[in-house]
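What follows is a set of notes on a single structure, which appears directly below.
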Number of protein chains: 2
Amino acid sequence: MASASPSPTLRRVTLKDVARALKISPATVSNAYNRPDQLSPSLRARVLETAQTLGYSGPDPLASSLRRGRSGVVGLLYDATLSYAFADPAASLFLGGVARAVEAQALNLLLIPSPQDTAPVRTASVDGFIVYSASDGSELLPAVMGRGLPVVLVDQTPLPGAAYIGIDDAGGARQAARHLLDLGHTTIGILSLELGWPHRHGPVTPERETQLTYRTTATRLSAYREEIGTQATLHVMEAHGNTPQEGALMTLELLEAHPEITALLCMSDVLAQGVLEAARQLGLQVPHDLSVVGYDDIPSSAALGLSSVHQPTAHKGELAGRALLELLGGETTPQHVTLPTHLVARSSSGKRRDTGP
Amino acid sequence: MASASPSPTLRRVTLKDVARALKISPATVSNAYNRPDQLSPSLRARVLETAQTLGYSGPDPLASSLRRGRSGVVGLLYDATLSYAFADPAASLFLGGVARAVEAQALNLLLIPSPQDTAPVRTASVDGFIVYSASDGSELLPAVMGRGLPVVLVDQTPLPGAAYIGIDDAGGARQAARHLLDLGHTTIGILSLELGWPHRHGPVTPERETQLTYRTTATRLSAYREEIGTQATLHVMEAHGNTPQEGALMTLELLEAHPEITALLCMSDVLAQGVLEAARQLGLQVPHDLSVVGYDDIPSSAALGLSSVHQPTAHKGELAGRALLELLGGETTPQHVTLPTHLVARSSSGKRRDTGP
DNA sequence: TTGTAAGCGTTATCAG
DNA sequence: CTGATAACGCTTACAA
């Protein structure tokens with residue numbers, strides 16, 4: 001019936017093939033897909049039909065993106081492997097917020113794993129970037145900014161030309177510290193997130209602090225310290241990875257080294273949940289023997305009675321998404337937003353235990 | 001010093017501009033980026049340098065993808081909005097597994113929100129798809145298969161030509177049901193996930209069951225029923241959305257309608273955690289007054305003592321990713337894998353309470 | 001309403 | 001080691 005089957009399966013069917021089969025111009029076929037109002041319904045129907053029989057499934061996205069100059073994709077960079085991001089409830093919450101914002105505009109979200117190599121940043125087909133808590137010295141930032149695309153920075157040092165969405169890290173940290181002070185604690189442990197690259201586990205030395213390049217960590221740490229001043233003795237441990245296991249391990253080590261500690265400030269709820277687990281193993285009563293305050297207030301913390309600094313994580317994501325959408329829409333003044341944090345006191349924090357005989 | 005500034009900011013800098021500035025061919029500039037070994041180091045250095053000064057940040061990803069015929073992106077479809085996906089720990093775990101597999105190959109992950117519209121499926125620049133628990137009748141499947149790209153189906157009815165990764169849904173459900181039967185329960189409630197589109201909340205009627213198009217739901221439901229047979233009375237409720245809130249609400253409604261219920265089978269741990277919350281509100285002791293068994297065994301369930309059917313969620317994601325990588329690598333026989341499930345009995349399930357004097 | 005033609009920014013091939 | 005050239009598959013003024 002028809003004329004050709006140029007080569008069995010060698011070449012894929014293109015818009016041109018459809019045009020040829022119908023003896024019309026490629027432009028018309030393109031219009032059939034992208035501007036239905038530009039051609040008669042009957043012709044359009046025929047086009048779609050032969051496309052079907054020829055096995056043509058619509059314009060190639062790559063080609064049309066190239067031609068149009070937009071890919072319809074938002075790139076999301078996280079300063080860790082993706083598998084790690086998904087393991088952190090706070091990160092998931094954030095991603096969910098971003099997703100809500102971008103899917104409202106029919107944009108897709110491209111997750112870019114960004115451990116050390118910047119290649120993925122340079123070769124990702126996206127219209128803009130959202131960068132989530134990258135370390136300050138990271139080579140990622142120059143690579144991202146170098147692409148010349150709209151950028152939103154989240155939870156990290158603002159950069160000129162990029163939008164910024166962050167939270168009041170210091171305020172939250174101060175509230176947490178004040179809370180423990182008010183409860184009478186005078187020897188407090190701090191379970192810190194990573195200070196900088198390379199990631200490391202263990203007690204924080206002054207030397208290690210010179211490598212403090214994560215802005216969130218830096219801000220919280222100094223806020224804890226400032227608030228506490230000389231009212232309590234502090235012992236700081238650095239986590240290698242934001243996991244409950246790490247939190248538990250740090251607790252064991254810290255309490256072994258400093259049994260006089262009666263309270264722990266944790267920079268994430270994930271770490272704090274590990275503390276709870278460790279306390280159970282050690283037979284310590286929370287909060288009687290050990291008070292614990294987390295950070296983030298992830299959903300599961302409520303059920304566990306974990307005191308924590310609440311931050312609007314999902315909302316932060318949504319704002320980040322919206323900030324990028326604005327930039328994409330031609331807005332030239334990048335947003336700069338700081339969201340509030342507040343302490344939620346639950347049952348994991350209480351009066352200091354009697355340390356006497 | 002240099003000669004030109006062709007137009008202030010009008011056109012973006014391309015590879016050709018760099019070539020022109022150096023009076024060499026575009027091919028050489030391309031090689032400078034993609035095949036360093038194809039040109040002298042000195043020339044390459046000059047190329048990179050002028051690129052820098054011209055503000056050229058490397059080959060356009062879109063263009064090179066078009067030319068190469070590969071985008072380096074894996075598309076991930078989820079039968080719900082993305083924001084919803086991120087709210088479900090099991091989904092996050094799964095995504096994390098997929099991420100681990102694809103990031104090992106330096107591929108990126110494109111999250112495609114797929115509520116009802118198939119447009120995003122047709123216009124996504126990807127090399128292959130992973131489809132996660134889509135409803136059987138969904139228009140998504142034809143749209144995906146129509147693209148003619150490698151496809152991996154997860155937790156849904158297998159399709160010819162696509163790889164399949166799933167779990168032993170029925171086995172897990174049977175173990176859960178058997179467990180409750182062994183504990184003496186004779187009136188059991190089932191908190192079911194969605195049966196089909198449109199999503200609905202409430203008691204499941206025979207009429208509603210005709211719309212049962214989610215394979216996972218269907219399989220678990222019939223397995224629960226088969227195992228229980230006539231050994232207990234069953235009451236089934238359908239959740240509108242997989243959230244703890246919904247689980248709590250269903251519990252309230254179900255126990256109000258059928259106070260004689262002493263045990264609940266939940267199709268997800270997220271729902272089951274809502275049950276725990278509702279029980280607390282109602283002043284019911286778990287498991288004394290009410291036994292609860294979930295499904296998925298998400299990480300937070302251990303700390304809550306929730307009995308659950310364990311499935312290797314993250315591993316499932318990793319296998320799905322790997323199955324797609326194989327297909328991408330030219331493998332022509334799609335994998336077909338079913339992973340095991342098993343009951344983990346914890347403290348949320350116990351002997352049936354004495355019902356009355 | 002439909003066709004023409006000129007790219008979009010790259011890379012692969014092949015000759016020099 | 002370097003360069004010309006021809007695609008890759010599509011969209012969009014603009015002309016007919």
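Just so it is clear, the values below take in all heavy atoms, side chains as well, and ignore hydrogens, waters and symmetry mates.
- Atom CZ in A:Arg20 sits roughly 15 Å away from atom C1' in C:dG3 (whole-Å rounding).
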Could you list, one pair per line, each protein nitrogen or oxygen that sits under 3.5 Å from a nitrogen or oxygen of nucleotides 12-16 of chain D, together with the distance?
unit_1: D:dT12; atom_1: OP2; unit_2: A:Arg35; atom_2: NH2; d: 3.3

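- With hydrogens and angles ignored, the 3.5 Å screen pairs a side-chain donor or acceptor of B:Gln156 with a backbone N or O of B:Val131.
- For B:Leu15, taking side-chain heavy atoms from C-beta onward, the closest of the listed nucleotides D:dG9, C:dT11, D:dA4 is C:dT11.
- Counting only N and O atoms by type, the side chains of B:Ser71 and B:Asp127 include a donor and acceptor under 3.5 Å apart.
- Between B:Lys23 and B:Ala63, it is B:Lys23 whose nearest contact on DNA chain D lies nearer the 5' terminus.
- A donor atom on one side chain and an acceptor atom on the other are not found under 3.5 Å apart for A:Thr50 and A:Arg46.
- Put simply, CD on B:Gln38 is 12 Å from C1' on C:dT11, counting in whole angstrom units.
- In summary, of the residues considered (A:Val73, A:Leu111, A:Ile112), a side chain to side chain contact (heavy atoms under 4.5 Å, CB included) with B:Asn108 occurs for A:Ile112 alone.
- One interatomic measurement links the two molecules: NZ of A:Lys16 to P of D:dT11, which rounds to 12 Å at whole-angstrom precision.
- B:Thr157 and B:Asp136 share a side-chain donor-acceptor pair at under 3.5 Å.
- Non-hydrogen atoms lying under 4.0 Å from DNA chain C are contributed by A:Leu43, all within residues 42-54 of chain A.
- Of all nucleotides listed (C:dG9, C:dT10, D:dC10), C:dT10 comes nearest to the side chain of B:Tyr56.
- Remark: A:Ser65 is not in phosphate contact with D:dC10, judged by side-chain N or O atoms under 4.0 Å from OP1 or OP2.
- Atom CZ in B:Arg70 sits roughly 17 Å away from atom C1' in D:dG9 (whole-Å rounding).
- Between the side chain of B:Asp17 and the backbone N or O of B:Thr14 there is at least one donor-acceptor pair closer than 3.5 Å.
- Note: CG (A:Leu62) to P (D:dT11) measures 12 Å, nearest angstrom.
- Between A:His336 and A:Tyr164, the angle of the ring planes lies from 30° to 60°, which puts this pair in the tilted group.
- Within 4.0 Å of B:Leu39, counting heavy atoms only, lie sugar-phosphate atoms of the nucleic acid but no base atom.
- With D:dC8, C:dT11, D:dT2 as the candidates, the nucleotide lying closest to the side chain of B:Ser64 is C:dT11.
- Ranking D:dG9, C:dT11, D:dT2 by closeness to the B:Pro59 side chain, first place goes to C:dT11.
- Nucleic acid contact for A:Tyr33: none, since no nucleic acid atom lies under 4.0 Å from a heavy atom of the residue.
- For B:Thr28 (side chain) and B:Ile24 (main-chain N/O), no donor-acceptor pair under 3.5 Å exists by modelled atom type.
- Atom CZ of A:Arg12 is separated from atom P of D:dA7 by 17 Å (rounded to the nearest Å).
- Rounded to an integer number of Å, the gap from CG of A:Asp60 to P of D:dT11 is 9 Å.
- A heavy-atom distance below 4.5 Å is found between the side chains of A:Thr333 and A:Glu331.
- For B:Ile24 and D:dG3, the CD1 to P distance is 6 Å, given to the nearest whole Å.
- Side-chain atoms of B:Ser92 and A:Ser92 form a donor-acceptor pair, as typed in the model, at a separation below 3.5 Å.
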